[in-house]
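Beneath this line is the structure, given in structure tokens, with notes to follow.
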Amino acid sequence: MSRTLLALMVPEAEPMVGDLRGRLDPAARRGLGAHITLVYPFVDSDAIDEVAMERLRDVARAHAPPSFRLDSVRTFPSTVWLGPSPSDAIVALAAALEAAFPERPRDGRAFPDYEPHLSVARNVRGDRAVIVTTLEDRLHASGPISCVCRHVHVMRRASDAWRGLVSVPLGTA
């Protein structure tokens, strides 16, 4: 049994942030590519049965693939991240997934509002301003990153790495 998460994978961001994530995001060092987390923790891996998959497919079918730009650098207290714009479709998808799986485990962290974000650097304090400036410079030089996410990915955290379990297409209703 292992923890899982639901995510939108964002490979379009890798050229801009892959090197930073590789050094500054523990999840990247464990093999989790650039992504926007939708639900974490999701259900334990042994609870992903056909009934759970059908609920996941039902939610995914009801939501069109979100199209957005990563166009702003923002921070949480110890995280530097890129923000998607517009984010309404991502927020609606995350809320629908949360509602479809009320039995999912909670990890004790409480965040009052879901804020879609692509983490670039986590657990940082003193270097935060330098990382923010680096990302802002990169965004200014290349422009916003245009993205379309066509699948919800179920990722499993194994002892040594994150691994993809399954991807479910969005908007196939």
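As a basis for the values below, the full set of heavy atoms in this structure was taken, side chains included, without hydrogen atoms, waters or symmetry mates.
- Listed for the Arg128 side chain is a donor-acceptor partner under 3.5 Å among the backbone atoms of Pro77.
- Residue Val39 comes nearest to Ala94 through the heavy atom pair CG2-O, 4.2 Å, listed as atom of the first residue, atom of the second, then distance.
- Shown here are the salt bridge (charged side-chain N to carboxylate O under 4.0 Å, His left out) partners of Asp137, two or more places apart in sequence or in another chain: there are none.
- With hydrogens and angles disregarded, a donor-acceptor distance shorter than 3.5 Å links the side chain of Arg30 to the backbone of Ser159.
- Among residues two or more places apart in sequence or in another chain, the salt bridge (charged side-chain N to carboxylate O under 4.0 Å, His left out) test is passed with Asp160 by Arg163.
- Hydrophobic cluster membership of Phe76, counting Ile, Leu, Val, Met, Phe, Trp and Tyr whose side-chain heavy atoms lie under 4.5 Å apart directly or via other members: Trp81.
- Atoms NE2 and OG, from His117 and Ser87 in turn, are 12.5 Å apart once rounded to the nearest 0.5 Å.
- Nearest heavy atom pair, residue Pro65 against residue Cys149, reads CB-O, 3.1 Å.
- With sequence neighbours excluded, the residues satisfying salt bridge (charged side-chain N to carboxylate O under 4.0 Å, His left out) with Arg122 are Asp25.
- A search for salt bridge (charged side-chain N to carboxylate O under 4.0 Å, His left out) contacts involving Glu14 returns Arg21, not counting sequence neighbours.
- For Ala60 against Pro169, the heavy-atom pair with the smallest separation is CB-O, 3.3 Å.
- Side-chain atoms of Arg125 and Ser78, non-hydrogen and from C-beta on, do get closer than 4.5 Å to each other.
- No continuous path of ILVMFWY side-chain contacts below 4.5 Å connects Val124 to Val130, so the two sit in separate hydrophobic clusters.
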Which pairs of donor and acceptor atoms, one on a side chain in residues 138-148, lie under 3.5 Å apart (sequence neighbours left out)?
{"from": "Arg138", "atom 1": "NH1", "to": "Met16", "atom 2": "O", "distance (Å)": "2.5"}
{"from": "Arg138", "atom 1": "NH1", "to": "Asp19", "atom 2": "OD1", "distance (Å)": "2.8"}
{"from": "Arg138", "atom 1": "NH2", "to": "Asp19", "atom 2": "OD2", "distance (Å)": "2.9"}
{"from": "Ser142", "atom 1": "OG", "to": "Arg138", "atom 2": "O", "distance (Å)": "2.9"}

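- With sequence neighbours left out, Leu24 forms a side chain to side chain contact (heavy atoms under 4.5 Å, CB included) with Leu20, Ala121, Ile131.
- The distance from atom OH of Tyr114 to atom CG of Leu38, rounded to the nearest 0.5 Å, is 4.5 Å.
- Residue Ser67 comes nearest to Pro86 through the heavy atom pair O-CD, 4.0 Å, listed as atom of the first residue, atom of the second, then distance.
- Interatomic distance, CZ of Arg29 versus CH2 of Trp162, reported as 14.5 Å (0.5 Å rounding).
- Annotation: side chain of Leu97 is not in contact with side chain of Phe42 (no heavy-atom distance under 4.5 Å).
- Atom CE of Met155 and atom OG of Ser45 lie 13.0 Å apart (nearest 0.5 Å).
- With sequence neighbours excluded, the residues that form a side chain to side chain contact (heavy atoms under 4.5 Å, CB included) with Ala100 are Val59.
- With sequence neighbours excluded, the residues that form a side-chain hydrogen bond (donor to acceptor under 3.5 Å, both in side chains) with Asp58 are Arg61.
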Apply side-chain contact (heavy atoms from CB on, under 4.5 Å) to Leu6 and Val154, showing your working. CA-CA 5 Å; Leu6 299 180; Val154 181; 3.6 Å; yes
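- The side-chain hydrogen bond (donor to acceptor under 3.5 Å, both in side chains) test applied to Arg23 returns no partner, not counting sequence neighbours.
- Taking CD1 from Ile36 and CD1 from Ile90, the interatomic distance works out to 4.0 Å, rounded to the nearest 0.5 Å.
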Criterion side-chain contact (heavy atoms from CB on, under 4.5 Å) on Val168 and Met53, from CA distance to verdict: CA-CA 9 Å; Val168 177; Met53 285 304 303; 3.8 Å; yes
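- Considering only heavy atoms from C-beta on, Leu93 comes within 4.5 Å of Leu170 through its side chain.
- Of the possible polar contacts, one joining the Arg104 side chain to the Pro41 backbone as a donor-acceptor pair under 3.5 Å is found.
- At least one side-chain heavy atom of Val73 sits less than 4.5 Å from a side-chain heavy atom of Leu82.
- Side-chain contact check for Val91 versus Pro116: some heavy-atom pair is nearer than 4.5 Å.
- Between the side chain of Asp44 and the backbone N or O of Asp46 there is no donor-acceptor pair closer than 3.5 Å.
- Listed by chain and number, the residues in a ring-ring contact (aromatic ring centres under 6.0 Å, His included) with Phe68 amount to none (sequence neighbours excluded).
- Considering all non-hydrogen atoms of both residues, Ala52 and Ala47 come closest at CB-O, 3.8 Å.
- Listed by chain and residue number, His35 satisfy the side-chain hydrogen bond (donor to acceptor under 3.5 Å, both in side chains) test with Thr37 (two or more places apart in sequence, or in another chain).
- The structure places OG of Ser85 at 4.5 Å from CZ of Arg69, a figure rounded to the nearest 0.5 Å.
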